[in-house]
Amino acid sequence: MPELPEVETIVRDLRPLLLGRRIAAVRRASEQRLRRPWDEGWAALLAGRRIDEVRRRGKWIVLALDSGAFLVVHLGMTGQLTVAAADDPVAPHTHLVFDLDEPGRQLRFRDVRRFGSASLFAGAAELEAFFAANGLGPEPFALDPRAWREALANTTRPVKAVLMDQTVVAGVGNIYADESLFVARLHPARRGCDLSRAEAERLRKAVARVLSRAIERRGSTIRDYVGGSGLAGGYQEEFQVYGRAGEPCPRCGALIASRRLAGRASHFCPACQPAPSTALAAEN
DNA sequence: ATAGGCGCCTGCTGGC
DNA sequence: TGCCAGCAGGCGCCTA
């Protein structure tokens, strides 16, 4: 579900609620398997530990503990990580409950579809090794223009697939890929290697702009996304193409199209974002 | 080696 | 009204 702006919002919401707090106890609230299995031994390693840092890397949420270990959460499609009052009813599909030392407060991990995970890493080296093994790429705001251009130049994949490839740039998913391609006026099916230098740069800037604005609006709430304190996002009100098939393009009035590409629905303006063959003609 | 497709899950929507 | 296919903010594994 959540992409970078949603994860960033959750981290910003959770930070003041969790920093300096201790985890009193951890318990599983379901026996169901997550994408990465929860190790029963981790509860003992977490009990009594203080949360010293709450941060994000790509779509991963990282809690640094005073033991030097890291609790790392991925929300998959439907994950939620929220602080709640202990007497709030525990919603169905809640998998982990972390009691905080602040009386009556809990951190809860809920995930309907269970594509998400929560894992403990013993130290910084283990955490970095895990990210490296996943090939986690640079943050979009720190994306080197030349590295980005080369990543595109070296592949025949559709530019949309490159944008969503977490090893090239971390944090972009389906919504923000579509919105960024619209801002950059690039058709999602354009081959990476067919993009000009100017187009690659336009896209790099568009991604940063779209993500920044989405963070300002606390991300996008389509279905079940909520921030760390349960508040919804507002960027869905600013979608230009995502989920707007058949509606007029906000730039030129042509009807927004929707097509399956690299296994995902892609939304774009057929006029502002010329298809690969016509894009070639337009370049000449 | 690369790129596309499928499976993992549950729940909701829209069309019949 | 009811049912069922299709689809959903992600990602890892398999195969061609």
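We name chains A, B, ... by the order of the sequence lines, and we start the count at 1 in each one. All values reported here derive from a predicted model rather than from experimental measurement.
Between the side chain of A/Arg202 and the backbone N or O of A/Ala184, at least one donor-acceptor pair lies under 3.5 Å.
Across all strands shown, A/Arg260 has heavy atoms under 4.0 Å from sugar-phosphate atoms exclusively, and none from any base. Note on A/Tyr242: only backbone sugar-phosphate atoms sit closer than 4.0 angstrom, heavy atoms only; bases stay farther off. Using a 4.0 Å heavy-atom criterion, one finds that A/Asp111 contacts no nucleic acid atom at all.
Remark: A/Arg244 is not positioned above the aromatic ring of A/Phe182, lacking an NZ or CZ atom under 6.0 angstrom from the ring centre and at most 45 degrees off the axis.
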Base-pairing string, 5' to 3', of DNA chain C - Watson-Crick or wobble, under 3.5 Å, | interstrand: .|||||||.|||||||

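Applying side-chain contact (heavy atoms from CB on, under 4.5 Å) to A/Glu3 and the options A/Leu211, A/Leu75, A/Ile175 leaves one that passes, A/Ile175.
Within a 6.0 Å sphere centred on CZ of A/Arg213, heavy atoms belonging to other residues, nucleotides or ligands number more than 12.
Put simply, CG on A/Asp165 is 13 Å from C1' on C/dG10, counting in whole angstrom units. Look at CD1 on A/Ile175: it is 12 Å from C1' on C/dG10, rounded to the nearest Å. Here the C1' atom of nucleotide C/dG10 and the CH2 atom of A/Trp60 are 10 Å apart, to the nearest Å.
If you take atom C1' in C/dG12 and the same atom in B/dG11, they sit 23 Å apart, rounded to whole Å. Rounded to the nearest Å, the gap between the P atom of C/dC11 and that of B/dA1 is 23 Å.
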If the sugar-phosphate is the primed atoms plus P, OP1 and OP2 and the base is the rest, what is the B/S/- string for nucleotides 3-16 of chain B, using protein heavy atoms under 4.0 Å? SS--BBBBS-----

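A 4.5 Å side-chain heavy-atom check between A/Leu4 and A/Phe141 finds at least one atom pair inside the cut-off.
The pair A/Glu201-A/Arg149 does not count as a salt bridge, with every side-chain nitrogen at least 4.0 angstrom from each carboxylate oxygen. Ion pairing between A/Asp66 and A/Arg22 holds under the 4.0 Å rule for side-chain N and carboxylate O.
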Begin from the C-alpha positions of A/Tyr176 and A/Ser220 and carry the test side chain to side chain donor-acceptor pair (under 3.5 Å) through to its verdict. CA-CA 10 Å; A/Tyr176 298 106; A/Ser220 309; 2.6 Å; yes

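Residues A/Trp60 and A/Phe130 bring their aromatic ring centres within 6.0 Å.
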